[in-house]
Amino acid sequence: MASNAEVERIFVEIGDLLDLLGEQRFKVEAYRRAARTLESLGEPLERIAARGELERIPGIGDALEAKIREYLSTGRLEYLEKLRQQVPPGIRELMRLPGVGPKTARRFWVEIGVEGPLELAQAVEAGRLRGVAGFGERKIEQLRQGLAALGAGVDGGSRRPLLDAWEIAEELRERLRASAPVDELVVAGSLRRSRETVGDLDLLAISREPAKVFASFLALPGLIEVRSKGDTKSTILLAPGIQVDLRVLEPESFGAALQYFTGSKDHNVHLRTLAREKGLKVNEYGVFREEERVAGRTEEEVYAALGLAPIPPEIRENHGEVEAAAAGQVPTLFERSSLRTDLHLHLPLQGEDAALAPWAERALGLGYSELGVVVENDDEAAERIRRLRPTAPTTAGAKTTLRVRFGVEQEGASPLPPPEGAEYILLRPSVGGTPPKTEAPAESLPRFLGHLEAEDPAAVAGRVGWVEWALRDRLPVEVGPRPERTGLDSGSLRSLAARGVRFLPSARSERSRELARIAVSVGLLRRGAVSATQVLLGLPEGTPKKRRART
DNA sequence: GCCGTTTTCGGCCCGACTGTTTTCAGTCG
């Protein structure tokens, strides 16, 4: 079965090939725009095609619709195959080199006669680029380094899972805040939109001393390469192979820059087109009428200047949100600040986090009033809960209280009843299996459908039964920060929400500092346009306090 | 190639940085 990702890749390839062949840029852009749209579609193309609604996808017209249909029905695309015959396969690879776009790649091919990275490397070493117009010493050195990095697989060109990117970004922010005079430092880009994968990091800072900020930035540990440096913007490559952009701005422009660098690109193009129609101009410094800046300090200002209600970052994909904002009908998304609990954390056996105190402190910092420790439902469960219970803090500080709850985790129906002290059950779906029967006696504990993480994408994809399970038994579904391992990406969340499923966000922590990862889980829920009414904020009240002890 | 309550033709977002240039093209986001 053809997946959206396959069609997406095909359109990207067509875009590249047309670009290399010197086709007009708007045609090239049309294929790339369509590819981006497909990436964030959230619904299988085959379903849309079956409804006859392909042309309703923004950026898909007659020609692209016909190509999608051809591929869906035959698994091939004649147009692509013809294009491939015109360009050697290695030429596309050349475009992955930093500083090499379609024009330069084409010159390598036509003028130098190389057909891929290996041949280019040989040509560089043989000095065949010397004296060629447009290739000075620095350009050649840049190529040499780029080729070496390409061979070593550290080109920073690949996307990584949202959570990994988030953790890198958090660490960067901490370091920069400690070492540079910044008044504000935020992450924009696809990370702020909570995209499931993130290519590079976009940092924005407000500072009165940009030079000092850039100096700190260029001295970050783990820096592999400085890709550009200027007065307002610098780009580096960090050791994990991730590219990081930093822009330093004045407060007057911060909202406009945040809006602009959060994207998505297609969302921004839409806004700018709208602005032109209103006689305005939008750039990263503000919204302008003639020379006068009419907005820019905050994002809300920018949207308001265009006659739009504020649009949450997570849904800025040009999938109709701009039209909705113009009509004042932006969906109200779940807010992290309303969350009062995290019911899925595991205490390690040793170390500082084996005790509840550090967890409680972090939880209070996040504004929680409740925290749920989960143990495996086995013969030791009651004993583990009993050991922790006396240390459970009930208050911290003068007013805030934190209630620590205990739950058990099990796969489907357990032969063991819940142990003494357990207040809820986290059910794990089994891999590839059908959902077990889960009779629900009236007095039973609240139950949630936890997620099972799998490294293997096939195992994730093969786990089909649990959706039916959640629907059949009306079980709230846990949403964690690793969609690539659970299969619960924003598209799935959106369709589950539409079918009435409720959600329980968790950080799935095994260390107390990981509680902060709830930001990622909530981001995914928001990207799935999940509203506050569909999220469980804490354990339902009325939980039976006394359980019959097992014997 | 897409798109349209000013258009079915003629537009298509906007700016920073780089390298190699004497005023700019290419790349990138």
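We name chains A, B, ... by the order of the sequence lines, and we start the count at 1 in each one.
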Heavy-atom check, side chain of [X] versus side chain of [Y], under 4.5 Å:
{"X": "A:Val87", "Y": "A:Leu20", "result": "yes"}
{"X": "A:Ile57", "Y": "A:Leu64", "result": "no"}
{"X": "A:Leu94", "Y": "A:Pro117", "result": "yes"}

Given [options], the nucleotide with the shortest approach to the side chain of [X]:
{"X": "A:Glu284", "options": "B:dG15, B:dG1, B:dG29", "answer": "B:dG15"}
{"X": "A:Lys233", "options": "B:dC13, B:dT20, B:dA16", "answer": "B:dA16"}
{"X": "A:Pro102", "options": "B:dC14, B:dT27, B:dC2", "answer": "B:dT27"}
{"X": "A:Gln24", "options": "B:dG1, B:dA16, B:dC14", "answer": "B:dG1"}
{"X": "A:Asp200", "options": "B:dA16, B:dG29, B:dT18", "answer": "B:dG29"}
{"X": "A:Lys281", "options": "B:dG29, B:dG1, B:dC14", "answer": "B:dC14"}
{"X": "A:Thr104", "options": "B:dG26, B:dC12, B:dC14", "answer": "B:dG26"}

What is the separation between atom [atom1] on [X] and atom [atom2] on [N], rounded to the nearest whole Å?
{"X": "A:Asp266", "N": "B:dC2", "atom1": "CG", "atom2": "P", "result": "14 Å"}
{"X": "A:Asp245", "N": "B:dT18", "atom1": "CG", "atom2": "P", "result": "12 Å"}
{"X": "A:Lys27", "N": "B:dC9", "atom1": "NZ", "atom2": "C1'", "result": "17 Å"}
{"X": "A:Leu249", "N": "B:dG15", "atom1": "CG", "atom2": "P", "result": "15 Å"}
{"X": "A:Phe26", "N": "B:dC14", "atom1": "CZ", "atom2": "P", "result": "11 Å"}
{"X": "A:Arg192", "N": "B:dG29", "atom1": "CZ", "atom2": "C1'", "result": "17 Å"}
{"X": "A:Lys229", "N": "B:dC17", "atom1": "NZ", "atom2": "P", "result": "13 Å"}
{"X": "A:Arg25", "N": "B:dC12", "atom1": "CZ", "atom2": "P", "result": "9 Å"}

How far does the [atom1] atom of [N] sit from the matching atom of [M], given to the nearest Å?
{"N": "B:dT6", "M": "B:dG11", "atom1": "C1'", "answer": "14 Å"}
{"N": "B:dG1", "M": "B:dT8", "atom1": "C1'", "answer": "14 Å"}
{"N": "B:dC28", "M": "B:dC13", "atom1": "C1'", "answer": "14 Å"}
{"N": "B:dC17", "M": "B:dC12", "atom1": "C1'", "answer": "24 Å"}
{"N": "B:dG26", "M": "B:dT21", "atom1": "C1'", "answer": "13 Å"}
{"N": "B:dT20", "M": "B:dA25", "atom1": "C1'", "answer": "10 Å"}
{"N": "B:dT7", "M": "B:dC14", "atom1": "C1'", "answer": "24 Å"}

| With both distances under 3.5 angstrom, what nucleotide forms a Watson-Crick or G-U wobble pair with B:dT8? | none
| query | A:Ser194 and A:Glu314: which non-hydrogen atoms are nearest, and at how many Å? | reply |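 Shortest heavy-atom contact: OG-CG, 3.9 Å.
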Are [X] and [N] close enough that a side-chain N or O sits under 4.0 Å from OP1 or OP2?
{"X": "A:Tyr285", "N": "B:dC13", "result": "no"}
{"X": "A:Arg276", "N": "B:dC14", "result": "yes"}
{"X": "A:Gln243", "N": "B:dG29", "result": "yes"}
{"X": "A:Arg138", "N": "B:dG19", "result": "yes"}
{"X": "A:Thr273", "N": "B:dC12", "result": "no"}
{"X": "A:Asn283", "N": "B:dG15", "result": "yes"}

| Given that A:Gly101 and A:Asp231 both sit by DNA chain B, which one's nearest nucleotide is further toward the 5' end? | A:Asp231
| message | Here's a test of your reading of the structure: between A:Val269 and A:Phe261, which maps to the more 5' nucleotide of DNA chain B? | response | A:Val269
Whether [Y] and [X] form a salt bridge (side-chain N of Lys/Arg under 4.0 Å from carboxylate O of Asp/Glu) is what I want to check.
{"X": "A:Asp19", "Y": "A:Lys103", "answer": "no"}
{"X": "A:Glu65", "Y": "A:Arg69", "answer": "yes"}
{"X": "A:Arg517", "Y": "A:Glu167", "answer": "yes"}
{"X": "A:Glu39", "Y": "A:Arg195", "answer": "yes"}
{"X": "A:Lys67", "Y": "A:Glu70", "answer": "no"}

| field | Check: A:Tyr260 side chain, B:dG29 base, donor-acceptor under 3.5 Å | value | yes
| query | Mind checking whether A:Tyr79 and A:Tyr31 have parallel, tilted or perpendicular rings, split at 30° and 60°? | reply |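 Rings of A:Tyr79 and A:Tyr31: parallel, as their planes differ by under 30°.
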With sugar-phosphate meaning primed atoms plus P, OP1 and OP2, does [X] contact a base, only sugar-phosphate, or nothing at under 4.0 Å between heavy atoms?
{"X": "A:Leu143", "result": "nothing"}
{"X": "A:Glu23", "result": "nothing"}
{"X": "A:Val28", "result": "nothing"}

| field | Glycosidic conformation of B:dT6, taking syn as within 90° of 0 and anti otherwise | value |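 It is anti.
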| Distance only, no hydrogens: is a donor on one side chain within 3.5 Å (strictly under) of an acceptor on the other, for A:Asn268 and A:Gln259? | yes
| query | Hey, would you say the A:Phe135 and A:Phe108 ring centroids sit under 6.0 Å apart? | reply |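 So the answer is yes for these two rings.
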Please list, one pair per line, the donor and acceptor atoms closer than 3.5 Å that link side chains of residues 209-218 of chain A to other protein atoms, with sequence neighbours excluded.
| unit_1 | atom_1 | unit_2 | atom_2 | d |
| --- | --- | --- | --- | --- |
| A:Glu209 | OE2 | A:Lys212 | NZ | 3.0 |
| A:Ser216 | OG | A:Ser179 | O | 3.0 |
| A:Ser216 | OG | A:Lys212 | O | 3.4 |

| note | Per the under-4.0 Å heavy-atom filter, residues of residues 295-309 of chain A near DNA chain B come out as none
Pick out the pairs of N or O atoms, protein on one side and nucleotides 3-8 of chain B on the other, that lie under 3.5 Å.
| unit_1 | atom_1 | unit_2 | atom_2 | d |
| --- | --- | --- | --- | --- |
| B:dC3 | OP1 | A:Gly59 | N | 2.9 |

